[in-house]
Amino acid sequence: MPLLSHTVFSSSFTILWLLSLHFFAGSAMLLVGLKNRHSHPQHRSPMLHSNQTSCEVFAGSWVYDESYPLYSYSACSIIDPRFNCQMYGRRDTDYLKYRWKPANCELPRFSGVDFLMKMRGKTVMFVGDSLGRNQWESLICMISTSVPRTQTQMQGGDPFSSFKFLDYGVTISYYKATYLVDIDTIEGKRVLKLDDIRGNANAWRNADVLSFNTGHWWSHKGSSQGWEYMEYGGTMYEDMDRVDALERALRTWARWVESNVDMSRSRVFFQSISPTHYGPGEWNVGPVTTTKSCYGETTPMTGETYPGTYTDQMEAVKAVLGDMANPPFLLDITALSAMRKDAHPSIYSGNLTPDQKANPEHASDCSHWCLPGLPDTWNQLFYTALFF
């Protein structure tokens, strides 16, 4: 059955101007293929310039900052119970105080008013799995705290939810498409159609800014698997290599983007894989510990490697984006997020029963992220890429 075949930069970052070209020195922390190297302004890697030096914003470290977080959970009513860690019992607060600092510059501080002014009359849509929803809710909270008296309107649903800032005409939406491609029901069975995206994509066509993500659900099996069969090229499969399946779906998505999105009026982003922290092997490259989940973790890690479980998926993303003539901007949050083993809901999720909370080794959510928390940094980087 034929299937498709399948560095954080160092703290110093030098730019040599030679024949009008930029040559970049990088280290092994960020995957080379995931960088944005395109000359079109939409696709350039966000690069801040200070004192004749340049700064790659995805390479840096987490610093403690008492001015964080940017908002309070109690002032943002849209946060899902599963992300609302403080509401559901988390008492430590240091995880809220870390700010991402690129190696030799500072990110512009997020301004919700500035975001709304620059996006007046436009739509932003996050498309993907629940990590996309995690980011969508974060952005709404970050903006709302800046304009507490503006009129808003919330529309919730499945698969589509939207939040409107009526005084500015700005709509920020989330469309649930776990695999990006379509799932149809055929003879009572869910079929993941690796070469069809038309059903989902109709909802995205007219957005001014699109941010896509997928990844985690491609590895799920058993009762958490979201389909019974896969279909590709008219052939039904009970299963196939999951990275191959992801790559096939991403190529379907890429063809749709290149054929249907007018890059002269729309901005398109793809967010890299969000890491998990279910066991010390996913973050600890030193001595073996007794920790068996992210439960009890209260500080970021300090290493410069990503030994987690999604590296093959990252390679698939790299391959697909690399083959696109006009690829989306890659919001490369993987390495910086991998350091934040302290920022997951763990047992502090409204979806857990008391019995589950009493058994954190088996019930902790080490995939999603607390709000306020890490997705606020994703959105600060999103804001930087959009406007700077």
Is the shortest side-chain N to carboxylate O distance from E297 to R340 below 4.0 Å?
-> no
Before giving the answer on salt bridge (charged side-chain N to carboxylate O under 4.0 Å, His left out), spell out for D80 and R133 the whole-Å C-alpha distance, their side-chain angles and the decisive distance to 0.1 Å.
-> CA-CA 9 Å; D80 267 30; R133 185 176 185 92; 3.5 Å; yes
What pairs meet the disulfide bond (SG atoms under 2.5 Å apart) rule with one or both residues in residues 136-168, with sequence neighbours excluded?
-> C76-C141
Should the pair W204 and W256 be assigned to parallel (<30°), tilted (30 to 60°) or perpendicular (>60°) ring geometry?
-> perpendicular
Step by step, work out the side chain to side chain contact (heavy atoms under 4.5 Å, CB included) result for C85 and W369.
-> CA-CA 9 Å; C85 302; W369 307 92; over 6 Å; no
Member of F269, F270, F110, F388 meeting the ring pair (Phe, Tyr, Trp, His ring centres under 6.0 Å) criterion with F382 | F269
Flag, side chain of H344 to backbone of C366, donor-acceptor distance under 3.5 Å = yes
Spell out, as yes or no, whether a donor-acceptor pair under 3.5 Å connects the side chain of T123 to the backbone of D208.
-> yes
Could you tell me whether a side-chain N or O of D365 sits under 3.5 Å from a main-chain N or O of P345, the two making a donor and an acceptor?
-> no
Between S266 (side chain) and A207 (backbone), is there a donor-acceptor pair under 3.5 Å?
-> yes
Using 4.0 Å as the upper bound for N to carboxylate O, is an ion pair formed by D323 and R251?
-> yes
Closest approach of T276 to S367 (non-hydrogen atoms, all atoms of both residues) = CG2-OG, 3.6 Å
So, W136 versus S211: side-chain donor-acceptor pair below 3.5 Å or not?
-> no
Between CZ on residue F83 and CD1 on residue I79, distance to nearest 0.5 Å = 10.0 Å
Taking atom types as modelled and ignoring hydrogens, do the side chains of D94 and Y64 form a donor-acceptor contact shorter than 3.5 angstrom?
-> yes
Test item: Q271 side-chain N/O and F212 main-chain N/O as donor-acceptor pair under 3.5 Å = no
Least distance between heavy atoms, W217 atom then S224 atom = CZ3-O, 2.8 Å
Can K357 and D355 be said to form a salt bridge (charged side-chain N to carboxylate O under 4.0 Å, His left out), step by step?
-> CA-CA 5 Å; K357 289 183 177 183; D355 285 345; over 6 Å; no
Rounded distance [0.5 Å steps], CG in L336 versus CG in L374 | 7.0 Å
Parallel under 30°, tilted from 30 to 60°, perpendicular over 60°: which one fits the rings of Y383 and F387?
-> perpendicular
Residues N213 and L180: closest non-hydrogen pair is O-CD2, 3.7 Å
Backbone of V191 reached by a side-chain donor or acceptor of D184 within 3.5 Å = no
Test side chain to side chain donor-acceptor pair (under 3.5 Å) applied to N379 and Q135, step by step | CA-CA 7 Å; N379 282 318; Q135 186 177 4; 3.0 Å; yes
Side chain to side chain contact (heavy atoms under 4.5 Å, CB included) evaluation trace for I347 with Y295 | CA-CA 7 Å; I347 64 169; Y295 173 70; 3.6 Å; yes
Kindly determine whether D244 and R242 satisfy salt bridge (charged side-chain N to carboxylate O under 4.0 Å, His left out), including the steps that lead there.
-> CA-CA 5 Å; D244 280 343; R242 298 304 182 84; over 6 Å; no
Rounded to the nearest 0.5 Å, what's the gap from CZ on R198 to CG on N260? Could you check?
-> 11.0 Å
Step by step, work out the ring pair (Phe, Tyr, Trp, His ring centres under 6.0 Å) result for F165 and F163.
-> CA-CA 7 Å; F165 292 89; F163 192 96; 5.1 Å; yes
Between the side chain of K164 and the main-chain N/O of T152, is any donor-acceptor distance below 3.5 Å?
-> no
Kindly compute the distance separating OG1 (T353) from CG (N359), expressed to the nearest 0.5 Å.
-> 9.5 Å
What distance do E56 atom CD and D332 atom CG have between them, rounded to the nearest 0.5 Å?
-> 8.0 Å
Determine whether the side chains of S74 and S72 contain a donor N or O and an acceptor N or O closer than 3.5 Å.
-> yes
